[in-house]
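The analysis underlying the following values was restricted to heavy atoms, covering all of them including side chains, and did not include hydrogens, waters or symmetry mates. In what follows, chains carry the letters A, B, and so on, assigned in the order in which the sequence lines appear, proteins first and then strands, with residues in each chain numbered from 1.
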Amino acid sequence: MLKEKFHNIFMLSNEEKKAILKEKNNYEDSRASSIEALKIVQKNRGWVSKQAIYAISKILEMSASDLEEVATFYSQIFRRPVGRNVIRYCDSVVCYMHGCENIRACLENKLNIVIGETTRDFRFTLLPICCLGNCDKAPTLMINDNIYSRLTLKTVVELLELYQ
Amino acid sequence: MSVKKILLTSETHPLTWWLNDNKGVIWIEEYKKKGGYLAFKKAIETIEPSKIIDIIKCSGLKGRGGAGFSTGVKWSLMSQNNSSSMRYLLCNADEMEPGTYKDKFLIERIPHQLLEGILISSLALRVRKSYIFLRYEYVNAERILIRAINEAKKHGYIGNNVLRSGLDFEIILHSGAGRYICGEETALINSLEGKRANPRFKPPFPALVGVWGKPTCVNNVETLSNVPSIILHGVEWYKSLSKSVDSGTKIMGFSGKVKNPGLWELPFGTTAREILEDYAGGMHDGLTLKAWQPGGASTDFLTSEHIDVPMDFFSVQNAGSRLGTALAMAIDNNANMVSLVRNIEEFFSRESCGWCTPCRDGLPWIVSILRSLERKQGRKHDIETLEQLCHQLGPGKTFCAHAPGAVAPLKSAIKYFRMEFECGVELSSVIDVKLIENVSSYNEILDKVEYDNKFKSKYD
């Protein structure tokens with residue numbers, strides 16, 4: 001009953017279906033494209049809802065619980081709505097030595113949220129990441145697909161203004 | 001700051017001599033102009049697949065992902081199995097070890113060298129379909145690899161009937177979705193198959209039962225990038241590059257509070273002091289070296305006494321650590337080892353896949369103790385508990401190498417800097433907290449604790 005309800009509400013777009021089917025061709029087993037399929041849906045909709053899990057599992061011919069298991073394991077698949085801009089601040093040991101905890105505190109203060117939370121206006125979500133591979137330019141962070149290095153508290157505040 | 005300049009030549013720097021001063025990507029035209037894909041041409045036209053494996057075995061090339069297993073031996077395990085028509089090569093580009101960025105560097109600057117290495121390896125292993133498992137967060141590397149694969153297809157190195165040999169080669173880029181454990185060989189296979197990245201039990205080894213149950217060879221980006229030059233210039237030349245028993249060169253470097261953090265292609269056997277002082281420019285002014293990790297966050301700490309160790313697999317192991325990825329991190333005298341280790345253990349705890357109990361429950365326990373020690377609220381016997389946990393999470397006690405790697409820095413930190421851990425217990429009871437408020441460095445606190453302890457024992 002519940003499953004039916006979800007099916008009726010959520011529909012994958014044609015573009016999403018096409019992209020997922022294209023991915024399926026790369027692998028011997030359609031399940032292998034599950035992570036890519038989750039990423040395709042997430043890119044379009046910002047996150048992967050329970051309804052989306054049912055829709056994707058159907059197209060990949062795998063059980064929804066199997067897909068749920070995958071979706072909840074990987075840290076870059078979001079299972080609840082996130083902000084328009086996702087900030088991933090690097091807390092690797094090298095960035096730690098260069099004061100990443102001050103940067104985290106600055107971000108938390110400025111955005112009035114703690115790690116893992118989203119601002120009320122859905123402008124930002126703050127997440128930790130390790131490591132961004134910019135150890136020679138630490139400390140560093142990533143906003144959406146852009147990487148910023150050699151941060152100072154001043155540049156962090158300025159950076160936030162670039163993202164609406 | 002006097003930093004040694006390196007003259008990059010093909011005779012001495014097989015991996016990095018292609019690079020330009022403008023730090024741009026070496027695309028296919030430039031790569032071919034400098035002799036790129038000649039090794040693949042030579043391999044496909046003149047060398048038998050089994051002979052390629054022999055060459056790699058004789059060259060002494062060891063896996064550059066951290067474990068240092070002989071690549072030729074790994075390959076020969078694959079070739080003995082002829083039971084299946086399908087077999088796979090899986091390039092491990094899921095680099096996430098804190099403090100390590102060599103694979104990213106190689107992909108972002110010389111992507112075709114990796115593709116050529118994959119093609120030659122595919123030829124040797126009779127693989128027709130290879131996957132590059134790239135880390136999710138390496139978005140720039142992904143863009144570069146997509147373009148490089150398309151370029152290689154256009155120039156006829158990937159696709160059907162490559163160089164009129166009658167052979168078809170396919171390279172597929174697969175990007176992950178986060179999680180450090182994906183870098184483990186068998187977890188990588190599970191992740192590629194679209195499952196949770198839990199490690200698999202070995203045996204059977206991937207060479208027999210890998211991706212979708214088919215023979216699979218998993219090699220690191222840097223390992224595969226070494227293959228073209230070995231085929232082109234030969235075994236003796238490759239061996240002659242090294243200053244130690246390990247053949248060839250290695251991407252090495254220093255990060256942390258050093259003047260010129262970075263990575264350089266250097267012969268095996270170059271000492272850590274030489275890398276730190278001559279290339280990384282030494283420590284920041286006013287700081288001294290207190291400890292260092294030779295190759296990423298999962299390697300044991302060494303102290304300034306070990307800085308003359310030659311950087312090769314055997315020598316670093318002999319000094320009490322692991323070469324790992326050979327991208328070292330320098331820790332200065334002002335760093336608090338308890339806090340630093342807490343940061344490292346938090347990472348490992350967060351990234352435990354949860355498959356086996358000691359790792360899933362032991363690592364958060366370690367973090368919890370370290371946090372209380374950091375706040376100077378440690379309880380009596382906390383350090384002994386940490387030592388027991390190091391033992392219980394050590395090699396052979398857990399399903400994979402994640403937990404043993406996680407406790408290595410903790411164990412060595414307690415070994416070399418036990419007093420700093422004791423401060424977490426003692427300061428709450430022995431030292432007046434006011435005492436530590438006006439000190440500029442952590443070492444001053446230690447001096448005061450030491451002084452106080454002596455004072456107490458004298459007058460008690």
Side-chain angles (χ1 to χ4, degrees), chain A residues 23-39 42 48 56 60 62 66-78 88 90-101 115 127-138 140-142 144-147 149-150, chain B residues 86 95-105 129 131 135-141 170 172-180 182 191-198 211-212 214 253 255-257 260-263 293 297 327 329-332 335 339-340 343-344 346-347 350-351 353-354 409:
Chain A
E23 280 299 322
K24 266 171 87 170
N25 294 333
N26 286 337
Y27 308 95
E28 209 173 287
D29 180 55
S30 65
R31 185 185 175 137
S33 50
S34 60
I35 294 169
E36 206 52 46
L38 290 165
K39 277 163 38 184
Q42 179 166 289
V48 180
I56 300 168
L60 294 181
M62 64 192 282
D66 274 357
L67 188 63
E68 175 84 16
E69 174 182 282
V70 172
T72 51
F73 184 83
Y74 293 96
S75 53
Q76 299 307 334
I77 303 294
F78 307 135
R88 297 173 175 92
C90 182
D91 62 358
S92 92
V93 64
V94 180
C95 283
Y96 173 80
M97 290 190 70
H98 286 88
C100 75
E101 294 209 330
I115 287 288
L127 297 171
I129 200 152
C130 183
C131 105
L132 285 171
N134 278 325
C135 310
D136 53 342
K137 300 186 272 288
T140 176
L141 64 73
M142 188 172 174
N144 303 333
D145 281 353
N146 303 312
I147 289 170
S149 306
R150 293 197 180 100
Chain B
M86 273 313 278
E95 183 179 60
M96 202 174 163
E97 179 85 359
T100 301
Y101 51 107
K102 64 183 178 61
D103 294 344
K104 179 176 174 247
F105 171 81
K129 201 171 188 176
Y131 290 95
R135 194 185 160 196
Y136 174 87
E137 290 82 5
Y138 281 2
V139 280
N140 197 29
E170 202 177 349
I172 293 167
L173 182 62
H174 172 102
S175 69
R179 291 314 283 264
Y180 174 68
C182 291
S191 186
L192 183 77
E193 288 183 3
K195 297 172 184 161
R196 289 171 80 100
N198 297 129
V211 180
W212 299 298
K214 309 284 165 51
S255 54
K257 294 279 179 72
N260 181 33
L263 42 76
Q293 283 185 306
L327 275 132
M329 187 189 64
I331 296 148
D332 60 273
S339 303
L340 194 85
N343 170 278
I344 292 174
E346 262 180 358
F347 162 75
R350 190 167 79 201
E351 292 299 334
C353 79

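To the nearest 0.5 Å, atoms SG (A/C130) and CG (B/N343) are separated by 7.0 Å. Atom-to-atom distance recorded for B/M96:CE and A/C131:SG is 8.0 Å, nearest 0.5 angstrom. For the atom pair CD1 (A/I129) and CZ (B/F347), the distance works out to 10.5 Å, reported to the nearest 0.5 Å. The structure places OH of B/Y101 at 6.0 Å from SG of A/C135, a figure rounded to the nearest 0.5 Å. Atoms CG and CZ, on B/L192 and A/R31 in that order, are 12.0 Å from each other to the nearest 0.5 Å. How far CE of A/M97 is from OG of B/S339: 11.5 Å, rounded to the nearest 0.5 Å.
Side-chain contact check for A/I147 versus B/E137: every heavy-atom pair is 4.5 Å or farther apart. Side-chain contact between B/R350 and A/P128 is present, with heavy atoms from C-beta onward closer than 4.5 Å. Looking only at side-chain heavy atoms (C-beta outward), A/V93 and B/E346 stay at 4.5 Å or farther from each other.
With a 4.5 angstrom heavy-atom cutoff, B/K257 touches chain A via backbone and side-chain atoms both. In this structure, chain A has no heavy atom under 4.5 Å from any part of B/Y180. Only the side chain of A/T72 has a heavy atom closer than 4.5 Å to any heavy atom of chain B. Heavy-atom distances place the side chain of A/E36, and not its backbone, under 4.5 Å from chain B. Only the side chain of B/Y138 comes within contact range of chain A, with heavy atoms under 4.5 Å apart. For B/I331, the parts sitting under 4.5 Å from any heavy atom of chain A are the backbone and the side chain alike. Both the backbone and the side chain of B/D332 have a heavy atom closer than 4.5 Å to some heavy atom of chain A. The contact between B/E97 and chain A is made entirely by backbone atoms, counting heavy-atom distances below 4.5 Å. When heavy atoms are compared at a cutoff of 4.5 Å, A/E101 approaches chain B solely by way of its side chain, counted from C-beta outward.
When B/L340, B/N198, B/I344 are compared by the number of non-hydrogen pairs under 4.5 Å with chain A, B/L340 comes out ahead. Contact count against chain A (heavy-atom pairs under 4.5 Å) is highest for B/G176 among B/G253, B/C182, B/G176. Of all the listed residues (B/G262, B/G178, B/A297), the one sharing the greatest number of non-hydrogen pairs under 4.5 Å with chain A is B/G178. The most heavy-atom pairs under 4.5 Å with chain B, out of A/L132, A/I77, A/N134, come from A/L132. Ranked by heavy-atom pairs under 4.5 Å with chain B, the list A/D136, A/D145, A/N146 is led by A/D136. Of the residues considered (A/L60, A/D66, A/V70, A/L38), A/V70 shows the highest number of contacts with chain B, using heavy-atom pairs under 4.5 Å.
Exactly one of B/E193, B/H174, B/K129 qualifies for a side-chain hydrogen bond (donor to acceptor under 3.5 Å, both in side chains) with A/Y27. That residue is B/H174.
The shortest heavy-atom contact between A/F73 and B/A197 is CE2-N, 3.3 Å. Taking all atoms of both residues into account, the shortest heavy-atom contact from A/D29 to B/W212 is CB-NE1, 3.3 Å.
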Next on the checklist: Let's go through A/E28 and B/V211 carefully: what are the C-alpha distance in whole Å and the side-chain angles of both, what is the deciding distance for side-chain contact (heavy atoms from CB on, under 4.5 Å) to 0.1 Å, and is it a yes or a no?
Outcome noted: CA-CA 9 Å; A/E28 209 173 287; B/V211 180; over 6 Å; no

Checklist entry - Between B/S175 and A/K39, is a side chain to side chain donor-acceptor pair (under 3.5 Å) present by the stated rule, with each step listed? => result CA-CA 10 Å; B/S175 69; A/K39 277 163 38 184; 2.7 Å; yes

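Salt-bridge check for A/E69 with B/K195: failed, with every basic side-chain N at 4.0 Å or more from each acidic carboxylate O.
Of the possible polar contacts, none joining the B/R179 side chain to the A/S75 backbone as a donor-acceptor pair under 3.5 Å is found.
When the side chain to side chain donor-acceptor pair (under 3.5 Å) test is applied to A/R150, no partner is found at least two apart in sequence or on another chain.
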